[in-house]
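Only one structure is covered here, and it is reproduced in the block below.
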Amino acid sequence: MAARIERLVTSGQFSLDGGTWDVDNNVWLVGDDHEVVVIDAAHDADAIAEAVGDRRLTAIVCTHAHNDHIDAAPALAERTGAMIWLHPDDLPLWKQTHPDRDPDAHLLDGQVIEAAGADLRVLHTPGHAPGAVCLYDPGLGTVFTGDTLFKGGPGATGRSFSHFPTIIDSIRDRLLTLPPETKVLTGHGDPTTIGAEAPHLEEWIARGH
């Protein structure tokens with residue numbers, strides 16, 4: 001059975017550098033009727049557990065460690081026994097939200113997370129956060145970009161731990177090289193495609209943010 005992708009939108013708050021904003025987050029579930037991976041356990045462990053249902057949750061993969069993407073991860077892991085995966089470069093951010101609970105495993109560039117016929121390849125794409133990753137499955141023709149690439153441009157780089165030239169390099173070198181028809185499923189908001197975003201790279205650079 002081929003893997004399928006499900007989207008759950010949860011609501012909560014993003015806090016960093018002393019500010020707090022209300023946000024809606026995309027939580028992505030990739031799997032089949034028996035097992036599933038969750039990408040970004042945001043805000044509401046109960047809602048995510050309900051979406052998982054009676055399937056085996058094999059992994060909770062964090063695209064980065066801003067609080068709005070990881071706040072429900074420990075509670076979801078406790079309920080399901082799933083391991084939490086995070087790139088080690090984002091541990092300082094993780095500790096701001098969960099000082100007493102480490103992730104269970106470290107994501108590495110090029111690693112493949114398998115679930116129910118899906119093969120999610122880890123692409124380390126720093127810039128929005130030092131340990132930001134995207135997850136690319138060529139079989140599904142999809143890349144999960146977290147907050148690295150959105151419909152309309154790069155993720156924000158105006159706060160701590162972020163860097164605009166670095167996110168541009170990540171997008172140019174790691175994402176825009178993917179096939180143009182690749183679906184881009186983001187951490188917030190609507191999907192797009194690599195082909196729809198690629199022509200705008202120079203505009204983003206000129207804007208400089």
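Nothing fancy with the numbering, it's 1 onward along the sequence.
Side-chain atoms of Asp17 and Ser160 include a donor-acceptor pair closer than 3.5 Å. In the model, Thr157 has no side-chain atom that pairs as donor or acceptor with a side-chain atom of Ser162 under 3.5 Å. Side-chain contact, His43 with Asn25: a donor N or O sits under 3.5 Å from an acceptor N or O. There is a side-chain donor-acceptor pair under 3.5 Å between Ser11 and Asp24.
Between Arg55 and Asp32, no side-chain nitrogen of the basic residue sits less than 4.0 Å from a carboxylate oxygen of the acidic one, so the salt-bridge criterion is not met. Electrostatic pairing of Arg174 and Asp109 counts as a salt bridge here, judged by a charged N lying under 4.0 Å from a carboxylate O.
In this structure Thr63 satisfies the side-chain contact (heavy atoms from CB on, under 4.5 Å) test together with Ile39, Asp40, His69, sequence neighbours excluded. By the salt bridge (Lys or Arg N to Asp or Glu O under 4.0 Å) test, Arg7 is found to be paired with no residue, residues two or more places apart in sequence or in another chain being considered.
Atom CD of Glu114 and atom CG of Asp137 lie 10.5 Å apart (nearest 0.5 Å). Within the model, atoms CG of Leu135 and CH2 of Trp85 stand 11.5 Å from one another, a figure rounded to the nearest 0.5 Å. To the nearest 0.5 angstrom, Tyr136 atom OH is 9.0 Å from Leu123 atom CG. How far CD of Glu50 is from CD1 of Ile48: 11.5 Å, rounded to the nearest 0.5 Å. From Leu176, atom CG reaches atom CG of Leu149 across 7.0 Å, with rounding to the nearest 0.5 Å. Rounding to the nearest 0.5 Å places CZ of Arg172 at 14.5 Å from OG1 of Thr125.
Cluster annotation: Ile113 is not connected to Leu178 through the hydrophobic network of ILVMFWY side chains, with a link wherever side-chain heavy atoms come within less than 4.5 Å. Residues Phe144 and Ile60 do not share a hydrophobic cluster, clusters being chains of Ile/Leu/Val/Met/Phe/Trp/Tyr side chains in contact below 4.5 Å. Both Leu175 and Val184 are members of a single hydrophobic cluster when ILVMFWY side chains are connected at heavy-atom separations under 4.5 Å. Val27 and Leu57 fall within the same hydrophobic cluster, where Ile, Leu, Val, Met, Phe, Trp and Tyr residues are linked whenever their side-chain heavy atoms come under 4.5 Å apart, directly or through other members. One hydrophobic cluster, built from ILVMFWY side chains closer than 4.5 Å, cannot hold both Val61 and Leu86; they sit in different ones.
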Name each donor-acceptor pair under 3.5 Å that joins a side chain in residues 191-198 to protein atoms two or more places apart or in another chain, with its distance.
residue	atom	partner	partner atom	Å
Thr192	OG1	Glu197	OE2	2.6
Thr193	OG1	Ala196	N	3.0
Glu197	OE1	Gly152	N	3.0
Glu197	OE2	Gly152	N	3.4

Exercise for the section: May I have the step-by-step check of ring-ring contact (aromatic ring centres under 6.0 Å, His included) for His128 and His66, ending in yes or no? Expected result: CA-CA 10 Å; His128 181 70; His66 284 152; 4.6 Å; yes

Practice task
Evaluate the side-chain hydrogen bond (donor to acceptor under 3.5 Å, both in side chains) criterion for residues His188 and Asn26: first the C-alpha distance (whole Å), next the side-chain angles of each, then the deciding distance (0.1 Å), finally the verdict.
Solution key: CA-CA 5 Å; His188 309 269; Asn26 294 327; over 6 Å; no

Practice task
Would you sort out whether Ser15 and Thr20 count as a side-chain hydrogen bond (donor to acceptor under 3.5 Å, both in side chains), showing the intermediate values?
Solution key: CA-CA 4 Å; Ser15 299; Thr20 298; 2.9 Å; yes

Handout entry: CA sep, side-chain torsions, deciding dist, call: Asn67, Phe14, side-chain contact (heavy atoms from CB on, under 4.5 Å)
Key = CA-CA 6 Å; Asn67 73 289; Phe14 165 55; 3.3 Å; yes

Exercise for the section: Evaluate the criterion side-chain contact (heavy atoms from CB on, under 4.5 Å) for residue pair Ile168 and Leu201; output intermediate values, then yes/no. Expected result: CA-CA 8 Å; Ile168 289 294; Leu201 180 67; 4.3 Å; yes

Practice task
For the pair Lys95 and Asp90, evaluate salt bridge (charged side-chain N to carboxylate O under 4.0 Å, His left out) and give the outcome as yes or no after the intermediate values.
Solution key: CA-CA 9 Å; Lys95 290 290 192 186; Asp90 259 18; over 6 Å; no

Exercise for the section: Apply the test side-chain contact (heavy atoms from CB on, under 4.5 Å) to residues Glu6 and Val52: give CA-CA distance (whole Å), side-chain angles for both, the deciding distance (0.1 Å), then the verdict. Expected result: CA-CA 10 Å; Glu6 301 158 53; Val52 170; over 6 Å; no

Problem - side-chain contact (heavy atoms from CB on, under 4.5 Å) evaluation trace for Asp190 with Phe150 - result: CA-CA 8 Å; Asp190 296 327; Phe150 290 103; over 6 Å; no

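With Thr10 contributing its side chain and Ala42 its backbone, the two residues share a donor-acceptor pair below 3.5 Å. For Glu35 (side chain) and Ala116 (main-chain N/O), a donor-acceptor pair under 3.5 Å exists by modelled atom type. A donor-acceptor distance shorter than 3.5 angstrom exists from the side chain of Gln111 to the backbone of Leu108, with no hydrogens or angles considered. Side chain of Arg121 to main chain of Gly110: a donor-acceptor pair is present (N/O by atom type, distance under 3.5 Å, no hydrogens or angles). With hydrogens and angles ignored, the 3.5 Å screen pairs no side-chain donor or acceptor of His163 with any backbone N or O of Ala129. Proximity of a side-chain donor or acceptor of Trp28 to a complementary backbone N or O of Thr186 within less than 3.5 Å is detected. Judged by distance alone, the side chain of His87 and the main-chain N or O of Asp89 form a donor-acceptor pair under 3.5 Å. Put simply, the side chain of Thr80 gets close to the backbone of Leu76: a donor and an acceptor are under 3.5 Å apart.
The minimum heavy-atom distance between Val30 and Ala3, with the atom names listed, is CG1-CB, 4.4 Å. In terms of heavy atoms, Leu140 sits closest to Ala118 at CD1-CB, 4.3 Å. Among all heavy-atom pairs drawn from Ile171 and Thr148, the shortest one is CD1-O, 3.5 Å. For Leu107 against Cys62, the heavy-atom pair with the smallest separation is CD1-O, 3.7 Å. His124 and Pro130 make their closest contact through NE2-O, 2.8 Å (heavy atoms, listed as atom of the first residue, atom of the second, distance). What you find for Cys134 and Thr145 is that their closest heavy atoms are SG-CA, 3.6 Å.
With contacts defined as side-chain heavy-atom distances shorter than 4.5 Å, the pair Arg56/Val36 does not qualify.
With Trp21 as the aromatic partner, Arg159 meets the cation-pi criteria of under 6.0 angstrom to the ring centre and within 45 degrees of the ring axis.
Applying the 6.0 Å contact sphere to CD of Gln13 captures more than 12 heavy atoms from other residues, nucleotides or ligands.
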